[in-house]
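In what follows, a structure is listed as structure tokens, so that the remarks can point back to it.
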Amino acid sequence: MPSSEATAANSPKTLKRISLKSFKQFELSAAMQKALDRAGYEKPSAVQAALIPLALEERDVIGQARTGTGKTASFVIPILEQLDDEPHPLRPQALILVPTRELALQVHGEVEKLAFNQPFKSAAVFGGSPFRSQQNRLQQGVHVVVGTPGRVIDHLQRGTLKTEELWCVVLDEADRMLDIGFRPAIEKILRKCPEDRQTLLLSATVPDEIRRLAKRYMYQPTLVNLSPSQVAADTIDQYYFSVARNQKRELLLKLLERETPKQAIVFCRTKVQTHRIYRFLADRMKAVGTIHGDMTQSARTGTMTKFREGKVSLLVATDVVGRGIDVSGISHIINYDIPELCDDYVHRVGRTGRMGQEGVAYTFVEPDQGEFLTSIEMRIDKLLIRENIDLGEPSQPRQETVAAPPKPPTSRAKKRYRSAP
Ligand code: AMP
């Protein structure tokens, strides 16, 4: 989990070493304390310790935190604590924008979990699921709406969602929303929201584009900086294989055979590749599933349910859908295709090692992909450890085969990392 350091972006106040041993110090309502106990949340995570008090003071906050750090509850708790009981048809009080349907369902689930025994209702609105049933739910009056930007705009345009009662807007995984082209939609939505609202922005990275967005649409935001050098959790061991393209499938099989992961995600770059690797694995082993953008929403939800229940233990996924996955028992991440964007690496690997659990990540690097590896290592400020599995001779001898440096010790202790120069 990242260190709990928070800094003020545009005020001299610097918040340091926040360490809270219990949620009691926030003086939360009895109902919320009960919901936290029931959820098994004993003490706040670093991002919660930093963000909750600021949000309760109604400040705008930029929380730099990756998923798996408890960031969802860090904005859900203060929202629920400040909601007015009375629901207004079509007029929610809080709007949470997220990049993917899966994340919308997850955040909605967290709202429902933490609103236990309280009269608060939440709706998840996203494309690929019937507009009319979402409209009916909004009509009944919900306190919180969690949605993807495209579908939220549809509702705004058709008048089935109105912004007058909104006092809080959350941009969750803001960097991802910008990456996948939601910037115009987000800006359109923010322009329709009351100016005196509170805005909370959560993002694994805070590049200039996010800062520009914050400057334009947030009021004197405080940056809660959860140590970017620790974006890839310390509990995740990270390795790479140097492998010829035509040996990657064989390497994948051997690696799975050697590791027998409890639950793993195999990330591929494209939908077509994802489907091919899924077929390849499903023909050879049990409990394999896939999730990518070409699937219907119900097929995606079905796969995720099976993955969560452990009926699927090996999930082949693309980045876009892989990003929102929050399943606590994922032991292995396999980057079958190395991500070209460093942030995608951070997000993929962040699917494991959640809330301090141990995890391991393997990245397959083709001979001409060294530059991607280097930029990932620079981004996470760590060198990946080279690993080796004997695959025999490649069919194209000019390509590099799996290298054979001394095999690292089997212990997955942190000391296996070489420190970056
Ligand atoms: P998130 O980063 O919001 O995706 O949360 C990651 C996981 O941590 C989720 O499964 C949450 O239910 C769980 N979680 C969040 N806050 C806490 C907490 N304070 N204590 C224990 N688990 C938590």
Side-chain angles (χ1 to χ4, degrees), residues 1-4 18-26 28 32-53 55 61 63-81 96-116 122 124 144 146 170-177 200-205 224 226-227 230-236 263 265 304-305 307-310 321-331 333 346-359:
M1 200 183 294
S3 71
S4 50
I18 298 163
S19 104
L20 289 183
K21 294 201 169 54
S22 144
F23 281 105
K24 301 224 160 52
Q25 298 178 51
F26 296 134
L28 301 172
M32 174 60 73
Q33 193 55 58
K34 219 174 218 166
L36 292 168
D37 292 343
R38 193 170 163 271
Y41 297 0
E42 285 170 18
K43 53 181 190 186
S45 69
V47 64
Q48 291 163 1
L51 211 135
I52 292 172
V61 186
Q64 182 167 1
R66 62 176 191 91
T67 52
T69 55
K71 72 176 171 60
T72 314
S74 77
F75 57 80
V76 170
I77 293 171
I79 287 175
L80 292 176
E81 284 292 272
I96 302 167
L97 295 175
V98 295
T100 63
R101 305 156 189 189
E102 281 73 23
L103 193 58
L105 286 171
Q106 232 164 256
V107 173
H108 167 70
E110 189 82 0
V111 174
E112 297 216 308
K113 180 160 76 179
L114 295 176
F116 176 73
S122 159
V144 179
V146 188
V170 180
L171 306 177
D172 191 15
E173 300 206 352
D175 50 351
R176 189 59 177 175
M177 288 203 282
L200 305 174
L201 184 152
L202 282 294
S203 194
T205 57
V224 172
L226 292 148
S227 186
Q230 295 187 35
V231 278
D234 281 348
T235 53
I236 306 168
Q263 275 203 306
I265 307 181
M304 276 318 297
T305 306
F307 193 54
R308 248 186 218 109
E309 290 171 349
V321 285
R323 178 117 170 186
I325 295 171
D326 169 31
V327 176
S328 55
I330 299 170
S331 54
I333 296 299
V346 172
H347 282 284
R348 287 180 181 189
V349 167
R351 303 302 93 204
T352 185
R354 293 174 82 71
M355 293 304 287
Q357 289 189 31
E358 289 211 343

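Keep in mind that what you see is a predicted model, and the values were worked out from it rather than measured. Whatever order the structure lists them in is the order used to number ligands and atoms, beginning at 1. Heavy-atom basis, side chains included; hydrogens, waters and symmetry copies ignored.
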Is a side-chain N or O of Q263 found less than 3.5 angstrom from the main chain of F307, in a donor-acceptor match?
-> yes
For T72, the ligand 1 atoms with a heavy-atom partner under 4.0 Å come out as 1 (P), 3 (O), 4 (O)
Can you sort out which atoms of ligand 1 are near E110, meaning under 4.0 Å from one of its heavy atoms?
-> 12 (O)
Would you please name every residue forming a salt bridge (Lys or Arg N to Asp or Glu O under 4.0 Å) with K113, sequence neighbours left out?
-> E110
Using distance alone, decide if ligand 1 has a nitrogen or oxygen within less than 3.5 Å of any nitrogen or oxygen in E42.
-> no
Rounded to the nearest 0.5 Å, how far apart are CZ of F75 and CD of Q48?
-> 10.5 Å
Can you find an N/O atom of F23 closer than 3.5 Å to an N/O atom of ligand 1?
-> no
If you measure from each non-hydrogen atom of F75 to ligand 1, which part falls under 4.0 Å: side chain, backbone, both or neither?
-> neither
Identify, by atom number and element, the atoms of ligand 1 in contact range of K113, meaning under 4.0 Å from any of its heavy atoms.
-> 12 (O)
Does the side chain to side chain contact (heavy atoms under 4.5 Å, CB included) test come out yes or no for T100 and R176, once each step is laid out?
-> CA-CA 9 Å; T100 63; R176 189 59 177 175; 5.8 Å; no
Please assess L105 against E102 for the test side chain to side chain contact (heavy atoms under 4.5 Å, CB included), listing each intermediate value before the final yes or no.
-> CA-CA 5 Å; L105 286 171; E102 281 73 23; 5.9 Å; no
Using heavy atoms and a threshold below 4.0 Å, how should the contact between Q106 and ligand 1 be classified: side chain, backbone, both, or neither?
-> neither
